[in-house]
Amino acid sequence: MDNDPLVLAHARALLTGTPEGRTAYLDADLRDPEKILAGAADTLDLGEPVALMLMGVLGHITADAEARSIVRRLMDALPSGSHLALYDATNVVDPASAAAIEIWNRSAEPPYALRTPAQLEGFFEGLELLPPGVVSCPLWHPPAAEIGEATEIDESGGGRIPKIYRRRLSSGRLIPRHLFHIA
């Protein structure tokens, strides 16, 4: 889901279905969760667990209460076993990023709100926050590094509506059957 006309043009040119599954693009605004859910239901089986991925978009909903309400409305429509994954810029890792966002907000639309890790953790209220919780993106289950430590950037986290899954990866990790990506 996106509301950028250029993304829409590229998506229409690239998206095709296969016997293994379908992919779709939805032109919508995050402030309209009902439209998002209706559009997602055209492609996904929302009776089965899905992964809702909010990647770098919640900062554009500057009011905390409104952003939390949107996430809650989206998650409330999903069945148990569904996951929420998100990342967003924060005001704690890199002062240069915070300064850049301040410059952006003086002259650009839409504005972007930096949140603390604790505020981002609030989006997982009512969900089972998965370990390691809300942490810098490179620290979310990082692979063993052969050439140094991961550098912290902005925060990310994952949570799920509690349920026992039917599908497992070869590693034994439980996974949802569908992905629902909003960027």
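- To the nearest 0.5 angstrom, Ile61 atom CD1 is 6.5 Å from Asp29 atom CG.
- Residue-environment remark: CD (Glu66) exceeds the threshold of 12 foreign heavy atoms within 6.0 Å.
- For Trp104 (side chain) and Ala99 (main-chain N/O), no donor-acceptor pair under 3.5 Å exists by modelled atom type.
- Checking side-chain atoms of Asn105 against main-chain N and O of Tyr112 turns up a donor-acceptor pair under 3.5 Å.
- Looking only at side-chain heavy atoms (C-beta outward), Val50 and Glu48 stay at 4.5 Å or farther from each other.
- A side-chain donor-acceptor contact under 3.5 Å links Ser82 to the backbone of Pro79.
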Practice item. Given side-chain contact (heavy atoms from CB on, under 4.5 Å), test Arg72 with Leu74 step by step and report yes or no. Key: CA-CA 5 Å; Arg72 182 60 32 225; Leu74 290 167; over 6 Å; no
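- Contact of the Ser69 side chain with the Arg73 side chain is registered, since non-hydrogen atoms from C-beta on lie closer than 4.5 Å.
- Applying the side-chain contact (heavy atoms from CB on, under 4.5 Å) criterion to Glu125, with sequence neighbours excluded, gives Arg68.
- When each of Asn91, Thr90, Val92 is checked for a side chain to side chain contact (heavy atoms under 4.5 Å, CB included) with Leu114, only Asn91 meets the rule.
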Practice item. Would you check, one step at a time, whether the test side-chain contact (heavy atoms from CB on, under 4.5 Å) holds for His83 with Leu52? Key: CA-CA 6 Å; His83 281 70; Leu52 172 62; over 6 Å; no
Exercise for review: Output, in order, the C-alpha distance, side-chain angles, deciding distance and verdict of side-chain contact (heavy atoms from CB on, under 4.5 Å) for Gln119 and Asp64.
Suggested key: CA-CA 8 Å; Gln119 288 172 306; Asp64 274 346; 2.8 Å; yes
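- Using a distance-only test at 3.5 Å, with no hydrogens or angles considered, no donor-acceptor pair links the side chain of Lys35 to the main chain of Leu26.
- One distance of note links CD1 of Ile70 with CG of Leu30; it measures 4.5 Å at 0.5 Å rounding.
- Distance CE/Met75 to CZ/Phe123: 13.0 Å, rounded to 0.5 Å.
- Contact detail for Ala113 and Thr62: the closest heavy-atom pair is CB-CA, 3.8 Å.
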Practice item. Would you please test Phe124 and Leu86 for side-chain contact (heavy atoms from CB on, under 4.5 Å) and show each step? Key: CA-CA 10 Å; Phe124 296 97; Leu86 67 85; 3.8 Å; yes
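- Between the side chain of Arg115 and the main chain of Leu58, a donor-acceptor pair closer than 3.5 Å is present.
- Within the 4.5 Å cutoff, the side chain of Leu120 has no heavy atoms near those of the Pro117 side chain.
- In plain terms, the two heavy atoms of His60 and Pro111 that are nearest each other are ND1-O, 3.3 Å.
- For the residue pair Pro95 and Val93, the shortest heavy atom distance occurs at CD-O, 3.9 Å.
- Side-chain atoms of Leu84 and Met53, non-hydrogen and from C-beta on, never get closer than 4.5 Å to each other.
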